[in-house]
Structures are given as C-alpha cells and as structure tokens.
A.B. asks: 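One structure, pasted below without further comment.
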Amino acid sequence: MDILQVHGNGKLKGEVKAAGAKNAMTKLLVASLLSDKKCIFYNVPDIGDVQITVNLCKEIGAEVEWDREKGIIEIITKELKSTYIPQRFSGANRIPILMAGALLGRTDNDIIIPTVGGDAIGKRSVDFHVSALTQLGATVEFREMKKEGAYLAHAHNGLIGNHIQLPFPSVGATENAILAGVRAKGNTVITNAAIEPEIVDLILFLQKLGAIISLDVDRTIHIEGTTTSYEVEHTVMSDRIEAASFGMAAIATKGNIFVKGAQHLHMIAFLNKLRELGGGFAVKSDGIEFFHQGPLKGGVHLETDVHPGFMTDWQQPFAVLLTQAKGTSVIHETVYENRFGYTKTLKQMGADIDLFTQCLGSKCCRYGLRSYEHSIIVKGGAPLQGCDITIPDLRAGFAYVMAALIATGESTINGMAFLDRGYERLVPKLQKLGANIKRVQTKPDTAPIKPITPPQKAPTKKKLSV
Ligand code: EPU
C-alpha cells in the first residue's frame, strides 16, 4: 500500500503534458470489440482504468500490445473467446456494463456481465443502460450468481434499430446505446443523449471503423446499422479533467503551469468560471497556460451540469480554489446526489464549508425535493492545515492533493489506488512542477482495487424483453 507525503506552501511552475482522456480511452477499447480488424490508438494514458479495460478486452479474446512509453495500443479481436466477464471485474470501475452494448453488437450468444462499481458518489444505477439495450431488441435479465449478481444479456435474433429517449443525458447509457446501435439492423435514434467531448471522440472513432453515425445540435444521435468494419488509427483526445486539475493546482499554489495539449474547445465552461474567480489563463496554439494573477475573488455561483455545462468532475478541486478566495461562493451539484462527502476532510483542514439539501442554484435539479446534501456554501479565506487524509474517490483525491499542496505542514494521503486509476504518473509530474510530494510504500501493494460501491440490484429480477 502506497501513501503520499505532501508538504504545502510551494508554487507549482513549469510545463506538463495532458494525457489522453481516461473517459474516452476506456470506451474506445470497448468499441474496438465491435470489429475483427486492427485498431491503433495513440496518446493512450498510462493509468489503472486503461489497464483494467485492457484486461477486460483480453479476457474475451482481444490481442493487445501496449507501448506505455510511446502511449500506443494496438488491439485486434479476431474472434470472441468468451462472452463471460468474470466477477473479479465487478466493482473496479464502470466499464464492464459497456461491454454489453459492444458484445451484443458482435455476437448472438449469451453475455454475462457483473454488476459495476465506480466511485462512491451516488447510486449510479444502470437502469437507463438496460432500458436502452432492451429497446434495441436485447433481453437483459439480472441473475443472482453465487454471492453477487450479474446481468445476462443476449440478442438471439439480432439487434433492431429503434428510437431511444433517455430520461437523462447519461454518458454511459448513451455510449451503450451507440455501441449496440452501430450493429443493429436499421436506424437507431437516441434523443436526450449525452454529448460530452468523450462521446464525440467515440463517434469519430466509430465512423472511421465503418459506422454511419451523426450528431445533431439538439442532443440527437442518428445511427444507420452496418456490419462493415475497417482498420482504424485514432488519436485519443486529451484529458480535460486532468488539464483543468493542473490548471487549478497552478492557481491554488500561486504558480504558473502550461498544460500542453489542453484543448480550449473542451474547457469553455471551466475557463468562464475560472475567469469569474480571478484565475489567470492564456490559450496558446498548443495548450493552455494557467497562472495566479492576484487574489481570487469569490462570490462565485457554480452549478455542475452535463456537457456543455461545468463538469461534475471539475467540481472538487474548484471547491478547494474557492476556499482560498475572498468572499462566499456556492456550488450546486446537479449530476450526482452524493458528491460532497469529500468536504468533510477539507473542513478538518480548516475550510469553512456548509452543506445543504436544497438546490442553491438557479435551477431546481432532480435532487431538490430529497434529502441529499448536494449544495455547498464555501466561505473563502480560511488557511488550510495539513492532516491525515483518506481518499474516497478519484476526483476528491486530486482535490485533497491540491489542498495538501497549499496547506501548512505535512499531509499524509491514503488511497493512491484511486489516483492511479485516473491520473497518469501524477507524483513525478507534480515533482517536476516543484511540488514537495513523495510516494512512500508502507506495505507491498498486492490487492487490486476493491469494489467500493455495493453491487446494485436490478430494479426487478423479472425478464426484460421486447
Ligand atoms: N444514471 C442513472 N441510471 C443510469 C445511468 C446513469 O440514474 O442507468 C444517473 C447516475 O446515477 C448519475 C447521472 O445519471 O447521477 C449521470 O451518470 P452518467 O451515466 O452520465 O455517468 P457515468 O457514465 O457513470 C461518466 C464518467 C464519470 C463522470 C460522468 C458524468 C466514465 C467512466 N465515468 O460516468 O467520470 O462523472 O460520466 O460526466 O466515463 C470520473 O472520471 O472520475 C468520473 C466519475
């Protein structure tokens, strides 16, 4: 087990290259399973979630070569060896459920998918996924298997295109519906779809692979089913969460970081809020420079939202920035019901943060009339003090590292496995920027990441079919 030792009070300065996006790369690997042709990916991030996804793909027959130094993966799945995803993949992340869409598009055989985990930031059910696949002609049932449950899915008579209206623009459900829709007979139309840049990257990849797919400006995705496949070369988009994370770390530590490869187009909502707060940035031809340009102003009102809104995954480090601003700010989290658990530790470090169940924002969100603490008020200006910290989820993990970097004294941070899942070589990158941070091995690290959300039950054990 590794821990981090961080000493605060240092400016971060220098250049860092944004890695390929975790939430694009993992889906692209799954999408490659739709085809029996070779796919080559460039700008592949060397992170735990990609490793887990590579293992998943190998499990069902993919041959994978990964050059970690060059960031290149070549993958080819000439034939499926198995359509059973073992229980050991349950709980590690959200990717196994996406195998359903890809495998239903590839085979008529039964597919077994374990329940999925992911960060403990809300219920994170998969009902939209199940419903979308069912509407495309698949049968998806939840079965009790040994101690845990699993989904049994098949489309013995093939998938058939349909109109899928998503109740919420869920990223994962949109991806699953796209993957299945590519191989469904006829036309599939997904309305109220998620349109995150990572989904656009998936669409670009699938078009190269042979899919006939388009995206309208009104959250509608059209797919004309096809069985054609081509070899593909694809450069993965850069990680806009990692890029913003380094940007916020630069400003919080009163430093200056050039994030090479950060893409302006994908960060518009973030940059607007940063400017409102008084954080400095300059968009260059090959990246974005972030810098401290004076005291942060506070008085910010922030609502997280689906794209093109302010990402829920930017929210946690932004809250740390708000603790350093003059004045009081508000954050209203509208994507997940339970994404402020991490503030407890920030409060222990000295931050002045209060949680509310009400929607403290201009819109009333899905969680408004329930008892979820999904809004916070941050009174800026309180100095932070280092302490012993345990990371509860990936993005909170980065927020804690940032808080430790501006706190006085030493912080010890447990839960490196979370950061390893999503941030490529975080510690060496921070060290190069001048951070006083050290990774220390306390015990040999043998255990894989454990499930951190209880396996969710399907709403019903009844057979779901059309
Ligand atoms: N939801 C349902 N039912 C469903 C699917 C989603 O109720 O069947 C709800 C969720 O509970 C949540 C909301 O809809 O409240 C949004 O979930 P979504 O499906 O959009 O999220 P996801 O696909 O599970 C991805 C990213 C998350 C990111 C969200 C939102 C991956 C692997 N994960 O999750 O990233 O926060 O979209 O943009 O792509 C992270 O990288 O740290 C991370 C958590």
Side-chain angles (χ1 to χ4, degrees), residues 19 21-31 45 47-50 52-53 56 92-101 115-135 140 142 151 164 166-179 192-199 201-202 219 236-237 239-242 244-245 266 269-270 304-317 333-339 342 365-367 370 372 374 391-399 418-423 452-453 456 458-459 464:
K22 163 179 99 71
N23 292 345
M25 186 62 225
T26 44
K27 325 300 175 61
L28 294 168
L29 284 168
V30 173
I47 52 173
D49 265 10
V50 171
I52 293 169
T53 313
L56 259 173
N93 63 19
R94 310 283 301 160
I95 303 304
I97 192 68
L98 298 179
M99 302 289 273
T115 51
V116 286
D119 287 339
I121 51 184
K123 281 202 195 91
R124 307 195 76 180
S125 72
V126 294
D127 49 340
F128 306 158
H129 299 243
V130 171
S131 164
L133 296 174
T134 303
Q135 289 174 69
V140 185
F142 183 73
Y151 291 91
I164 298 159
L166 290 174
F168 180 82
S170 149
V171 170
T174 301
E175 290 161 341
N176 234 335
I178 290 175
L179 292 171
N192 201 28
I195 52 164
E196 268 61 9
E198 292 77 11
I199 287 182
D201 208 32
L202 175 67
R219 296 193 175 280
V236 183
M237 63 172 276
D239 197 313
R240 60 196 174 117
I241 309 175
E242 191 208 28
S245 302
H266 300 160
F270 169 70
T304 63
D305 210 341
V306 294
H307 191 75
F310 189 100
M311 284 186 94
T312 169
D313 305 295
W314 290 327
Q315 177 259 100
Q316 307 75 1
E333 168 64 54
T334 75
V335 179
Y336 291 108
E337 66 274 36
N338 185 22
R339 218 171 183 183
Y342 72 94
C365 79
R366 297 178 291 161
Y367 308 122
R370 298 149 81 183
Y372 301 114
H374 71 294
I391 295 176
D393 68 80
L394 174 57
R395 305 304 167 191
F398 191 91
F418 286 108
L419 288 168
D420 290 339
R421 268 183 49 206
Y423 290 92
I452 40 172
T453 42
Q456 74 278 49
L464 298 169

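Each ligand, and each atom within it, is numbered from 1 in the order the structure gives. One-based numbering along the sequence shown.
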A.B. asks: Where the side chain of Arg395 meets the backbone of Gln316, is there a donor-acceptor pair that is under 3.5 Å apart?
C.D. replies: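 Checking the backbone N and O of Gln316 against the side chain of Arg395, no donor-acceptor pair under 3.5 Å is found.
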A.B. asks: Is Arg421 close enough to touch ligand 1? Criterion: a residue heavy atom under 4.0 Å from a ligand atom.
C.D. replies: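 The answer is no, since Arg421 has no heavy atom less than 4.0 Å from ligand 1.
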A.B. asks: With atoms numbered from 1 as shown, which atoms in ligand 1 lie under 4.0 angstrom from a non-hydrogen atom of Gly172?
C.D. replies: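 Atoms satisfying the 4.0 Å criterion: 19 (O), 23 (O).
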A.B. asks: Scan side-chain atoms only and decide if Glu333 and Thr304 contain a donor-acceptor pair under the 3.5 Å cut-off.
C.D. replies: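 A pair is found: one side chain offers a donor N or O, the other an acceptor, under 3.5 Å apart.
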A.B. asks: Quick one: which of Gly422, Ser170, Ser125, Ala21 has a heavy atom closest to atom 4 (C) of ligand 1?
C.D. replies: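 Result: the heavy atom closest to atom 4 (C) of ligand 1 is in Ser125.
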A.B. asks: Is the shortest N/O to N/O distance between Met311 and ligand 1 below 3.5 Å?
C.D. replies: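 Among all N and O atoms of Met311, none is under 3.5 Å from an N or O of ligand 1.
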A.B. asks: If you count the atoms of ligand 1 from 1 in the order shown, which ones are under 4.0 Å from a heavy atom of Leu394?
C.D. replies: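 Numbered from 1, ligand 1 contributes 42 (O).
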A.B. asks: Is there a polar contact between ligand 1 and Val171, counting only N or O atoms under 3.5 Å apart?
C.D. replies: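 Looking only at distances, the answer is yes, because the N/O contact criterion of under 3.5 Å is met.
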A.B. asks: List in chain and number order the residues that pass side chain to side chain contact (heavy atoms under 4.5 Å, CB included) with Asp201, two or more places apart in sequence or in another chain; answer none if no residue qualifies.
C.D. replies: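 Asp201: side chain to side chain contact (heavy atoms under 4.5 Å, CB included) contacts with Ala24, Leu28, Leu204, His234, Val236, Met237.
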A.B. asks: Which is closest to atom 40 (C) of ligand 1 in terms of heavy atoms, Ile95, Asp313, Asn338?
C.D. replies: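 Shortest heavy-atom distance from atom 40 (C) of ligand 1: Asp313.
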A.B. asks: Taking only non-hydrogen atoms of Ala194, do any sit less than 4.0 angstrom from ligand 1?
C.D. replies: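 Checking ligand 1 against Ala194, which is what was asked, there is no heavy-atom contact under 4.0 Å.
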A.B. asks: Between His374 (side chain only) and Tyr372 (backbone N and O only), is there a donor and an acceptor less than 3.5 Å apart?
C.D. replies: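 Yes; judged by distance alone, with no hydrogens or angles, the pair exists.
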A.B. asks: Cut-off 3.5 Å, side chains only: do Arg339 and Thr312 have a donor facing an acceptor?
C.D. replies: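 Looking only at side-chain atoms, Thr312 and Arg339 do form a donor-acceptor pair, the distance falling under 3.5 Å.
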A.B. asks: I need the atoms of ligand 1 closer than 4.0 Å to a non-hydrogen atom of Lys22, numbered in the order shown.
C.D. replies: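 The atoms of ligand 1 under 4.0 Å from a heavy atom of Lys22 are 40 (C), 41 (O).
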A.B. asks: Which residues pass the ring pair (Phe, Tyr, Trp, His ring centres under 6.0 Å) test with Phe310, not counting sequence neighbours?
C.D. replies: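 Residues passing ring pair (Phe, Tyr, Trp, His ring centres under 6.0 Å) with Phe310: Trp314, Phe318.
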A.B. asks: Report the part of Arg366 (side chain from C-beta onward, or backbone N, CA, C, O) that has a heavy atom under 4.0 Å from ligand 1; answer both or neither where that applies.
C.D. replies: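 Side chain only.
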A.B. asks: For atom 21 (O) of ligand 1, tell me which residue out of Tyr336, Phe128, Trp314, Phe168 has the closest non-hydrogen atom.
C.D. replies: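 It is Tyr336 that holds the nearest heavy atom.
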A.B. asks: Could you tell me whether Glu242 and Lys22 make a salt bridge, using a distance below 4.0 angstrom between a side-chain N and a carboxylate O?
C.D. replies: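 No, this pair does not count.
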A.B. asks: Any non-hydrogen atom of His307 lying under 4.0 Å from ligand 1?
C.D. replies: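 It does not; every heavy atom stays at 4.0 Å or beyond.
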A.B. asks: Looking at Phe168, does the NZ or CZ of Arg366 lie under 6.0 angstrom from its six-membered ring centre and within 45 degrees of the ring axis?
C.D. replies: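 Yes - Arg366 lies over the ring of Phe168, closer than 6.0 Å to its centre and within 45° of its axis.
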A.B. asks: Going by the atom numbers of ligand 1, which of them fall below 4.0 Å from some non-hydrogen atom of Val335?
C.D. replies: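 Heavy-atom distances to Val335 below 4.0 Å select 12 (C), 13 (C), 15 (O), 16 (C).
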A.B. asks: Would you kindly say whether Tyr336 and Gln315 are connected by a side-chain donor-acceptor distance under 3.5 Å?
C.D. replies: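 Looking only at side-chain atoms, Gln315 and Tyr336 do not form any donor-acceptor pair under 3.5 Å.
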A.B. asks: Only heavy atoms of Tyr367, strictly under 4.0 Å: list the atoms of ligand 1 that pass.
C.D. replies: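 Selected atoms, number and element: 15 (O).
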A.B. asks: Ring centres of Tyr423 and Phe398 under 6.0 Å apart?
C.D. replies: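 Yes, close enough.
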A.B. asks: Looking only at heavy atoms, what is the nearest atom pair of Pro197 and His266, with distance?
C.D. replies: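 Scanning both residues completely, I find the closest heavy atoms to be CB-CD2, 3.6 Å.
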A.B. asks: Report the part of Arg94 in contact with ligand 1, treating N, CA, C, O as backbone and CB onward as side chain, heavy atoms under 4.0 Å; options are side chain, backbone, both, neither.
C.D. replies: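 For Arg94, the contact with ligand 1 is made by the side chain alone.
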A.B. asks: In ligand 1, which numbered atoms sit nearer than 4.0 Å to a non-hydrogen atom of Arg339?
C.D. replies: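 Contacts of ligand 1 toward Arg339, numbered from 1: 36 (O), 42 (O), 44 (C).
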A.B. asks: For Lys27, take its heavy atoms, then give the atoms of ligand 1 lying under 4.0 Å from any of them.
C.D. replies: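 So the answer, numbered in order with elements, is 31 (C), 32 (C), 39 (O).
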